[in-house]
Amino acid sequence: MAIESLLLRIFYKLLEHYGPRKWWPGNTKFEVIVGAILVQSVAWENARGAVNSLKKEGLLSPQAILSATHEEIATKIISSRFYNQKTEKLKSFCSYLMANYDGSLNKMFSNTLSDLREDLLHIKGIGRETADSILLYAGNKLSFVSDAYTKRWIERYGLFDGLSTYDQIREIFMNNLPEDLYIYNEYHALIVHHSKSICKSAPRCHLCPIKRITEITCCKFSENM
DNA sequence: GGCCAGGACACCA
DNA sequence: TGGTGTCATGGC
């Protein structure tokens with residue numbers, strides 16, 4: 001089966017089973033970006049509390065974050081863990097935004113995908129996953145988010161041999177998926193959700209709704225489909 | 001008390 | 001280049 005149709009069939013199978021994941025929660029682009037930084041290495045529930053705390057204190061703007069002291073920010077985002085590091089990450093991004101785009105996210109996102117991604121990766125505290133999450137979920141740009149879940153996921157199902165780095169995995173998705181924001185948006189969310197829900201209970205077992213497509217062995221789940 | 005959750009980075013071999 | 005330690009909360 002061609003990679004394009006395989007990836008697409010898996011996507012629709014996951015979507016049919018789990019439904020839309022509705023990522024990424026946030027009322028504004030800036031809120032989405034703050035969430036992307038605060039969610040690093042924690043569950044979304046932890047990050048959401050921190051985002052709401054910043055919002056409640058009127059600190060959910062680049063100007064407010066830069067004006068506030070380290071302690072003022074850190075104490076609001078304790079629930080997101082690693083609050084000292086994340087405070088510096090928030091300030092780093094806001095400094096970049098103010099210095100290069102006068103604080104305007106619309107100006108920032110008018111940049112090309114490749115240029116902006118390169119810039120974001122130079123900001124301290126913004127790695128590949130966070131940069132791609134910002135580009136996709138806040139900027140509505142076609143940048144596929146490939147993370148540790150995605151890597152384990154394709155290894156578990158033996159979908160593609162020889163892919164090991166973040167960018168290799170990202171490119172295989174980007175080169176073989178339709179240029180569709182909805183698909184990019186939901187695919188990553190569905191992979192994460194699928195990995196956490198089904199495979200978590202049986203990490204070595206191919207329990208999944210995609211067995212009939214990939215013809216992989218051992219799938220109690222698919223027996224009930 | 002232990003484990004895990006939508007990472008990034010510095011350091012070292 | 002890859003492995004490891006650091007960061008250091010909250011819910012179950």
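We name chains A, B, ... by the order of the sequence lines, and we start the count at 1 in each one. All values reported here derive from a predicted model rather than from experimental measurement.
- Comparing A:A43 and A:L121 by the nucleotide of DNA chain B that holds the closest heavy atom to each, the one mapping nearer the 5' end is A:A43.
- Distance, A:W23 CH2 to B:dA5 P: 12 Å, rounded to whole Å.
- Between A:F82 and A:I77 there is no side-chain heavy-atom pair separated by less than 4.5 Å.
- Within residues 27-39 of chain A, the residues approached by DNA chain B to less than 4.0 Å at the level of any non-hydrogen atom are A:V39, in residue-number order.
- B:dA8 atom P lies 10 Å from atom NZ of A:K86, rounded to whole Å.
- Cluster partners of A:M98, by chain and number: A:L66. The rule joins Ile, Leu, Val, Met, Phe, Trp and Tyr whenever side-chain heavy atoms lie under 4.5 Å apart.
- Interatomic distance, A:M108 CE to A:F93 CZ, rounded to the nearest 0.5 Å: 4.0 Å.
- Using a 4.0 Å heavy-atom criterion, one finds that A:I123 contacts the sugar-phosphate atoms exclusively.
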Report all interatomic pairs (protein N or O, nucleotide N or O of nucleotides 2-4 of chain C) with separations under 3.5 Å.
none

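- Counting to the nearest Å, the P atom of B:dG7 and the CG atom of A:L120 are 18 Å from each other.
- Rounding to the nearest 0.5 Å places CD1 of A:I126 at 8.5 Å from CD1 of A:I33.
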So which protein N/O to nucleotides 7-10 of chain C N/O distances come out below 3.5 Å?
{"residue": "C:dC7", "atom": "O4'", "partner": "A:Q85", "partner atom": "NE2", "Å": "3.4"}
{"residue": "C:dC7", "atom": "O2", "partner": "A:Q85", "partner atom": "OE1", "Å": "3.0"}
{"residue": "C:dA8", "atom": "OP1", "partner": "A:N84", "partner atom": "ND2", "Å": "3.1"}
{"residue": "C:dT9", "atom": "O2", "partner": "A:N46", "partner atom": "ND2", "Å": "3.3"}
{"residue": "C:dT9", "atom": "O4", "partner": "A:R81", "partner atom": "NE", "Å": "3.3"}
{"residue": "C:dT9", "atom": "O4", "partner": "A:R81", "partner atom": "NH2", "Å": "3.2"}

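- Using modelled atom types and a 3.5 Å distance limit, the side chains of A:T87 and A:N84 yield no donor-acceptor pair.
- Under the 4.5 Å side-chain criterion, counting only non-hydrogen atoms from C-beta, A:F109 is in contact with A:I134.
- For A:E72 and A:K76, the salt-bridge test fails: no basic side-chain N is under 4.0 Å from an acidic carboxylate O.
- Every residue two or more places apart in sequence or in another chain was checked for a side chain to side chain donor-acceptor pair (under 3.5 Å) with A:K91, and none qualifies.
- In this structure, A:R152 is positioned above the aromatic face of A:Y149, its NZ or CZ under 6.0 Å from the six-membered ring centre and within 45° of the axis.
- Across all strands, A:K124 comes closer than 4.0 Å only to sugar-phosphate atoms, never to a base (heavy-atom distances).
- Ion pairing of A:R21 with A:E186 is absent here, as no side-chain N (NZ or NE/NH1/NH2) approaches a carboxylate O to less than 4.0 Å.
- For A:R117, the side chain to side chain donor-acceptor pair (under 3.5 Å) partners at least two apart in sequence or on another chain are A:D132, A:D167.
- Comparing the same atom, P, in C:dG10 and in B:dA8 gives a spacing of 22 Å after rounding to whole Å.
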